[in-house]
Amino acid sequence: MRNYEVMYILKPDYDEEKYAAIMEKYTAIIQNNGGEVLKVEPWGKRRLAYEIEKLHDGYYVLVNFRSGTDVPAELERNFRISDEVIRYLVVKKED
């Protein structure tokens, strides 16, 4: 099992309950595929460095997890087909 870190940015026009449900959805994807979620850090709404899809703000979430090599690919697949995620980045952490 390897350590990974994923940062994803959600659209800024949802309420806190919707953000909690979205974060739970992605942590469940990690856990259902045999991964272990170490930490979930919602950073909240922040200003984007540049405009994305005519949006100036985004809701940032940082997740640290341990898993096999198939979980990051499954996460990226779900991020790509999701309407609520505007950007994401999954990286392997070096210990």
Qualifying residues under side-chain contact (heavy atoms from CB on, under 4.5 Å), relative to Val37, sequence neighbours excluded: Thr27, Ile30, Gln31, Val40, Val63

- prompt: With Arg47, which residues qualify under side chain to side chain donor-acceptor pair (under 3.5 Å), at least two apart?
  reply: Asp57

message: For a side-chain contact (heavy atoms from CB on, under 4.5 Å) check, start with the C-alpha distance between Tyr8 and Met23, then their side-chain angles and the critical distance, and finish with the verdict.
response: CA-CA 10 Å; Tyr8 55 94; Met23 288 186 284; 3.6 Å; yes

- line: The side chain to side chain donor-acceptor pair (under 3.5 Å) partners of Arg2 (sequence neighbours excluded) come to none

Pairs satisfying ring pair (Phe, Tyr, Trp, His ring centres under 6.0 Å), at least one member in residues 28-50, at least two apart: none

- prompt: Which is it for Glu36 and Leu38 under the side-chain contact (heavy atoms from CB on, under 4.5 Å) test, yes or no, and what are the steps along the way?
  reply: CA-CA 6 Å; Glu36 173 189 356; Leu38 303 174; 3.6 Å; yes

Nearest-0.5 Å distance that lies between atom CE in Met1 and atom CZ in Arg66: 5.0 Å

message: Quick one, Ile9 with Leu48, criterion side-chain contact (heavy atoms from CB on, under 4.5 Å). Give me CA distance, side-chain angles, the key distance, then yes/no.
response: CA-CA 9 Å; Ile9 306 172; Leu48 297 173; 4.1 Å; yes

message: Restricting to salt bridge (charged side-chain N to carboxylate O under 4.0 Å, His left out), what partner residues turn up for Glu24, sequence neighbours left out?
response: none

message: Ignoring hydrogens, what is the shortest heavy-atom contact between Ser67 and Gly35? Give both atom names and the distance.
response: CB-CA, 3.8 Å

- request: Kindly write out the residues that satisfy side-chain contact (heavy atoms from CB on, under 4.5 Å) with Lys39, not counting sequence neighbours, or none if the list is empty.
  value: Glu41, Asn64

message: On a heavy-atom basis, which atom in Tyr59 and which in Pro42 lie closest, and how many Å separate them?
response: OH-CB, 3.6 Å

message: Using side-chain contact (heavy atoms from CB on, under 4.5 Å), reason through Val6 and Phe79 one step at a time and then give a plain yes or no.
response: CA-CA 11 Å; Val6 60; Phe79 288 145; 3.6 Å; yes

All side chain to side chain donor-acceptor pair (under 3.5 Å) counterparts of Asp70, not counting sequence neighbours: none

Hphob cluster co-occupancy, Ile22 + Tyr60, side-chain heavy atoms under 4.5 angstrom: no

- request: Can you tell me which residue pairs pass the side-chain hydrogen bond (donor to acceptor under 3.5 Å, both in side chains) test with a partner in residues 11-23, sequence neighbours excluded?
  value: none

Return all side-chain donor-acceptor pairs below 3.5 angstrom for residues 81-92, not counting sequence neighbours, or 'none' if the list is empty.
unit_1	atom_1	unit_2	atom_2	d
Ser82	OG	Tyr26	OH	3.2
Ser82	OG	Glu84	N	3.2
Ser82	OG	Glu84	OE2	3.1
Glu84	OE2	Lys25	NZ	3.0

